[in-house]
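All chains are named by letter (A, B, ...) in the order of the sequence lines, taking the proteins before the strands, and each is independently numbered beginning at 1.
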4 protein chains.
Amino acid sequence: MVIEMKDFERIAAGHQRPIPDGEAYIESLRGRGLRVFLLGERVAEPADHPVIRPSINAMAASYDLALADPGLATAESSLSGRRVNRFLHITETTHDVVMQNRMQRRLGQLTGTCFQRCVGMDALNSLYSVTFEVDAEHGTLYHERLRRFIRHCQELNLVVGGAMTDPKGDRSKGPVEQADPDLYTRIVERRDDGVVIRGAKAHQTGCVNSHWIVVMPTIRLRPEDADYAVCAAIPVEDPGLSFIYGRQSCDTRAMEGGDIDVGNARYSGQEALIVLDDVFVPWDRVFLCGETGFVAPLVERFTAYHRRSYVCKTGVGDVLIGAAAVIADFNGVPHPSHVRDKLVEMTHLNETIYSAGIAASHESHETAAGNWENDGLLANVCKHNVTRFPYEIGRLAQDLAGGLMVTCPSEQDLRSPETGPILDKYLRGRADVPTEHRIRMLRLIENLTLGRNAVGYLTESLHGAGSPQAQRIQIARQMDIEAKKKLATRLAGIEET
Amino acid sequence: MVIEMKDFERIAAGHQRPIPDGEAYIESLRGRGLRVFLLGERVAEPADHPVIRPSINAMAASYDLALADPGLATAESSLSGRRVNRFLHITETTHDVVMQNRMQRRLGQLTGTCFQRCVGMDALNSLYSVTFEVDAEHGTLYHERLRRFIRHCQELNLVVGGAMTDPKGDRSKGPVEQADPDLYTRIVERRDDGVVIRGAKAHQTGCVNSHWIVVMPTIRLRPEDADYAVCAAIPVEDPGLSFIYGRQSCDTRAMEGGDIDVGNARYSGQEALIVLDDVFVPWDRVFLCGETGFVAPLVERFTAYHRRSYVCKTGVGDVLIGAAAVIADFNGVPHPSHVRDKLVEMTHLNETIYSAGIAASHESHETAAGNWENDGLLANVCKHNVTRFPYEIGRLAQDLAGGLMVTCPSEQDLRSPETGPILDKYLRGRADVPTEHRIRMLRLIENLTLGRNAVGYLTESLHGAGSPQAQRIQIARQMDIEAKKKLATRLAGIEET
Amino acid sequence: MVIEMKDFERIAAGHQRPIPDGEAYIESLRGRGLRVFLLGERVAEPADHPVIRPSINAMAASYDLALADPGLATAESSLSGRRVNRFLHITETTHDVVMQNRMQRRLGQLTGTCFQRCVGMDALNSLYSVTFEVDAEHGTLYHERLRRFIRHCQELNLVVGGAMTDPKGDRSKGPVEQADPDLYTRIVERRDDGVVIRGAKAHQTGCVNSHWIVVMPTIRLRPEDADYAVCAAIPVEDPGLSFIYGRQSCDTRAMEGGDIDVGNARYSGQEALIVLDDVFVPWDRVFLCGETGFVAPLVERFTAYHRRSYVCKTGVGDVLIGAAAVIADFNGVPHPSHVRDKLVEMTHLNETIYSAGIAASHESHETAAGNWENDGLLANVCKHNVTRFPYEIGRLAQDLAGGLMVTCPSEQDLRSPETGPILDKYLRGRADVPTEHRIRMLRLIENLTLGRNAVGYLTESLHGAGSPQAQRIQIARQMDIEAKKKLATRLAGIEET
Amino acid sequence: MVIEMKDFERIAAGHQRPIPDGEAYIESLRGRGLRVFLLGERVAEPADHPVIRPSINAMAASYDLALADPGLATAESSLSGRRVNRFLHITETTHDVVMQNRMQRRLGQLTGTCFQRCVGMDALNSLYSVTFEVDAEHGTLYHERLRRFIRHCQELNLVVGGAMTDPKGDRSKGPVEQADPDLYTRIVERRDDGVVIRGAKAHQTGCVNSHWIVVMPTIRLRPEDADYAVCAAIPVEDPGLSFIYGRQSCDTRAMEGGDIDVGNARYSGQEALIVLDDVFVPWDRVFLCGETGFVAPLVERFTAYHRRSYVCKTGVGDVLIGAAAVIADFNGVPHPSHVRDKLVEMTHLNETIYSAGIAASHESHETAAGNWENDGLLANVCKHNVTRFPYEIGRLAQDLAGGLMVTCPSEQDLRSPETGPILDKYLRGRADVPTEHRIRMLRLIENLTLGRNAVGYLTESLHGAGSPQAQRIQIARQMDIEAKKKLATRLAGIEET
């Protein structure tokens, strides 16, 4: 079996040199002829669609931060021998794992949304160690293929999306028991030169904004599920791929032309359904094919990385805490102790989330393949707090905002010569603060707690990287209850038999 | 001073007989030439605007319920000697107060939103006893005027909106200290035949859907604030009134033409800014004019009624709990104990809210004027739980819904011949449940937790009838800490001196 | 079968007239020769034992309150035609049910502990309606027997303890599956003149302080469990009964001779294990015998009453809130807003508990037998909040108390001439408050959150009348999820088929 | 000024070589003639008093762990050039700070209580950097004196107690405003050879079990408070010291002779009031004397270390979680999902505490003096969670335990030939588990949630190292709200002026 590089080359042809910055990144997305559907229509150029563009801007921020703060957002890779964007870096030390968290929080602060590049980072790092172990057991060549693929991405500074979540159909049934076998993504044909894949991946963060998609299985598989055990890299412009854009709360405000009611005019997240319509993937981009026994470790390792990646939400939390503090100022109530107390509570919860994430990263260990992986139990604890605290932080932010957040007339009314002056007069808070500033801040809080970025800050905090119950199962597995029982038995003076 | 009935007559002219049902109510709203502004434009006919209409439907439900369940939604009034809609009834027994809560919960269940008719009910009942007491002290005639006004509304079965909340400007300053004296609604001229009022009322629930607006002051006033101490009834079609419609999360989905993505196609709430541009009100519709000492009792009495009226949210909670149970079924996970456990928790929280509301009503007392008023402390406790538990109920509903709630493509995509079949295939949950049903249920949960009715279920639960801090102040006033200290001192064996 | 009154007469012989007050009640307990074991020894006279006496004082308070506030603590009984202690009253109106709650809260305030008389009240009321229904179905005579028994108790003003909880052994097994068949109380012999009962009842509140014990089964029974379906009244001095006293946190402080370190010198609760060593009960005191189908209704009805009886804990909560307010004063920090805020939070939680209890009572319905029973769902909601909020109220009280609560030296050190003056100097808070007063208040808070009455305020709040999971099961049964699903389905626009 | 070593020598005379193990440590405490008062009497030999001994055993565990796991509990000190107990180690790397947390958790697991040696460790480390900075500003010699003192302690392997908390009197007043100036510890005389100190230190953890006490001021001081700015090392056997033992919930059970009802027979915590009756301290043991400006940094630095030291409670939490799991087994209910779910919740909360502590340690920075100090914000977050979660973990443990935990008869009843067999029969849970084992486990849970070690696990978790409000103030100081405001302002599109 020969590893062919022709696909890499095709992709590379479009990128003569590494993408240098956010602007070039946005340019790299144009003209790809993707099959993207939004609001019932195929989108001519996603990069220019007002609903899509803010999500691209958020991804672009990951390029610009690498320039603005290379210590934070780039790393020296021994794989390609060059300084690469940290999102493409295979961790070589505990420090590398920790720095991912710091970068994530910073990007959350800068964009106030999901910047969509973590899934790929966590997918590459988990595949890195798992492919090594598959090869060791099965004599396959996945690890070397993956290293080449990563090198290629590093050299051109590409965006890699990780695609794990299958639609799953009836949750009470496994892949082969479904009425429709395609409800889990699977190999429908094995050929000499590669495999043909069919299915879909749901809730795909940033997929339209990526250059490559790496598909992975989503649940622990049994031997009879072998066709579902497939990992492979697919270029986003593969003609077999379609993307049906997920709608978000208040998404069409971006099409109204203003920049106030959107709340956060520049940045948003992105989720879409990817449909794989019998996509052919050559062997050199296949990283798992039928080895069902390694799917559970892959999923567990990926979620270990990814559940701690949710510290990005603490960066978003910083924005929301700041917005709550500003609106209390603007409303004219900066002094009362209850305002200060709520800001402290929000901060306490936000830092509690951060603590578990960064602790998981600090407590990393080396894998057999040589990269570093964070602690799994603390990562689950981090994510589990993420499923709770942003809701309470959001509630407190709404408390400080006041009811005007949900009763304020539209930007068009504010701009109208007839109603504009009336609103300017009556919606003023502190006399020295322009009414528009007050409204902008209210719209930002609305954006984060009900609107477009509430999707990422709240609901996606709940379900991304696994729903709460998934963390509880994992905590149950790792809590070592037998050891704890022994501690108690000894202190209770019970002699063990 | 003679009480003139000419205004009542003018209004009455448009309604020859009591409005019999919801359909006639909707008809009664047409052709009024109101100055309503929405999304930057004046609305030709609010009753037919797709964004406004669902809020009218919700109000109309209060008429239809009176027909469908008269024991629940009507009452025998000794004031007009007829059976009237309960929203227009002055409570004559404890049972009357309790029945308000039962009706409110039922309407919440039927509409899944704010049906907007409680403020008026609570305003009339609190004014009823306060005007009686003002007259007793000042020899004024407010109480009799109010009784005539209520009789008029009962006879024609009209909607009365209560307008209390002033814009307030800088929260750290009182009415007369504001840079702009109009930031609290006030009398700008006292004439022989009445008063001229200027200002605005913010967050006005259902105002466009009302026939009359009763303005009231919003905070405890000092003697120097006499111009701000005004209560008066104003017909909604008064040319001096303008209404600038508040925008809600996802409001424009109602203009997209479908009935899925709106989540709850038929019903929504409504809040608008009312601007009073030097509105003249004749004396026979003035119920308070300068008696600042009675403003605090009025506000306190109104909030006592209104904070317990928030049991309506338990009706909405019933819908959300039901939706969560259905979506768990549709997803194919009806059995796991954690689903059952979450439904129990949601129910427990919902019933805890209900308990405090209904307890407050059961523990009513008679006022000097002869109507009945609920317990104030328990009403505050009820409302304070409303500022917390719907957020947790909403979080649990989102937990059971799954991430598809925020990543599901649009109704247009579902209807599109190109993407529709793909979505039908891949977004299916349990094989025997139509994909569209599953999506409809997800959209209903989105509607209640992020979308249009999240405004009422969450943020308005927080701030309506007073923000959390207002309840804490009231609880502090009513908790009788000195009596509790005595209990403790006695049991600790400390002799009091 | 003839109902014989000889047992009643024997009991009555000792009480020529109704017990008039607390003092006479205490006297009525002396010289009964009970088999009570405490700290490894048989107690000569329980009424004089320093560990037991405070629990008797608490029960006595129920007698004294009847004198001090007859409107609250007595009722006119149509059964005996006399005014009786409310604890012995069969509810004849909703008002009667509500008044139970008001009396319970007041006694909680006065004693700061469990006054132990509710179980009997709730047992008699639930047996009242169940025996009526058993007789209707089986033609038995239980109801009339029970009425006689109640009349007897009313006439002599006796204390009736309800004994439901069996030891239960292995929780995963039913009565007949246990290795030892006695782990559930059962009939071991049926004779012409009565039945012989064997077994034990655990956690029996106030049993040593009672005149009669009414045993009842503890769980839903199957037909094969017929021997376990027995209800009967047994005099406490029956020679077949033994009582092994439960030890409580800090119980022996009552034997140290002081009155400070005990925290609440006068009052405490009581729980003991009752052992029934083949106790013979004549038929006229048997109220159920083998009718297994009525056990579930009995248990459900009893817990419906009893779970709402836990509003007594809000009376105890009043004491604890008062103590927290006093200690903040004594420490010299009465002003800071965080103290006030914590007192408000404690009150809010306490009143939330109360709300659900009193709401359950207000929402009572009449039974077939003619007495009144509270709402079951709200009673479960009440109790479920009782399993949570006292812990948080206790935590906040400890917060305001400060660490001295658990590091303060002993009363003996305070009384010692060597260390007393030193403690007086260094443990002083505000200069004008005697150090001893400060310590007394700290000991009261310790008593309620760690010490003797923490047993009742915390742990017993958790498990009494059923552990949290029991309420969740009951809420699940009563939440009518199918009706809620219909509400959601309708609003989502899904046509039902 | 000459640094004299005579005191060190005196102390050293009693310890010819480093204390090698726990047994020798206990021996080292004997015959010191301390003035210890307990329950109103002076204690002849504290090391042999049944109430005190368990706290000595817990301290001794810190010696034995150093032998059993030297990697965990010892460190190479560059100060003395030898391997020393980690509690005496001045941190030289981030790893050293992290290892403190790991050792603390382990000791919590092994003892189930407070092992009392952290205060000294944290005091030495904070004084280490502060004295360096005082010297740099004032030209004093404190740092070198401190280094000698530490070296001495390391060489003999002594226990150093840190004594910070003053009695404080009236909380609303500062040191000099108190009615009694001794309510804060102060210098009453400055002599050529040293200073004379008077006052008291409250809640002193492990003080009777220490060899040295290092006193420190407790609050931010003003220039006029110079006499209160004193740090000094005092030998525990100084005749000017008295110790009045704090009483704990259930403390006297240790004097009853058994080993069941105590719950944890071997280990407990200790807190006492230290009285300093004009204690003379020579200059070579004085580490601060009047430099009020450095008191705030000292307190802040000490609390930064110490608030994260509370991860010890996660070790105790491990015991309690284990006990809850065992008792569920013993009761016969190991299977139900709600048991598993509660264990997961307890673990989640416990690990959330741990996360913030270990994260604070990982995020350490070097001080000017060259030792390492953990992050302050995360340490406060850790401690703040400690003031909340143990109460919830305790509540859940009581939930799983069942009510028998507070109604179980005494050990004496269990041992009595009369009642023992009855209890053995009726208190049995699962048939194959000895009743005594079940009771032992219940008593352990009682010990940790109501009894002796609840003092440390609950109340002391609340107030140790500063009450909750102290953490909130510190979080407010460190939350950098201005930076967060800027993030929000930028994203809201508000141009800053």
Please determine, among [options], the option with the most heavy-atom pairs under 4.5 Å with chain D.
{"options": "A:Ile358, A:Asn350, A:Thr352", "value": "A:Thr352"}
{"options": "A:Ile473, A:Leu487, A:Ile445, A:Asp375", "value": "A:Leu487"}
{"options": "A:Thr347, A:Val326, A:Asp318", "value": "A:Asp318"}
{"options": "A:Ile321, A:Asn380, A:Val98, A:Leu349", "value": "A:Ile321"}
{"options": "A:Ile475, A:Leu491, A:Val262", "value": "A:Leu491"}

Let me know if [X] has heavy atoms under 4.5 Å from chain D in its side chain, its backbone, both or neither.
{"X": "A:Asp259", "answer": "neither"}
{"X": "A:Arg472", "answer": "both"}
{"X": "A:Glu345", "answer": "both"}
{"X": "A:Arg477", "answer": "neither"}

If I compare all heavy atoms of [X] with all of [Y], which pair ends up nearest, and what's the gap?
{"X": "A:His437", "Y": "A:Phe330", "result": "O-CE2, 3.7 Å"}
{"X": "D:Leu442", "Y": "D:Ala401", "result": "CD2-O, 3.7 Å"}
{"X": "D:Ser361", "Y": "D:Ser364", "result": "O-OG, 2.6 Å"}
{"X": "D:Leu448", "Y": "D:Gly112", "result": "CD2-O, 3.6 Å"}

(request) Report the relative orientation of the aromatic rings in D:His348 and A:His384; use parallel for angles under 30°, tilted for 30 to 60°, perpendicular for over 60°. (result)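 Ring orientation, 0 to 90° scale: perpendicular.
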For residues [X] and [Y], is any side-chain donor paired with an opposing acceptor at under 3.5 Å?
{"X": "A:Arg308", "Y": "A:Gln100", "result": "yes"}
{"X": "D:Asn447", "Y": "D:Asn264", "result": "no"}
{"X": "D:Asn374", "Y": "D:His365", "result": "no"}

(message) Just so I understand: if I count every heavy-atom pair under 4.5 Å between each of D:Arg266, D:Glu363, D:Arg443 and chain A, which residue has the most?
(response)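 Ranked by contacts with chain A, first place is D:Glu363.
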(message) Quick check for you: among D:Asp341, D:Val381, D:Val319, D:Leu444, which has the greatest number of heavy-atom pairs under 4.5 Å with chain A?
(response)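 Ranked by contacts with chain A, first place is D:Val381.
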(request) Would you mind checking which part of D:Arg438 comes under 4.5 Å of any heavy atom in chain A, side chain (CB onward), backbone (N, CA, C, O), both or neither? (result)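 Interface part for D:Arg438: neither.
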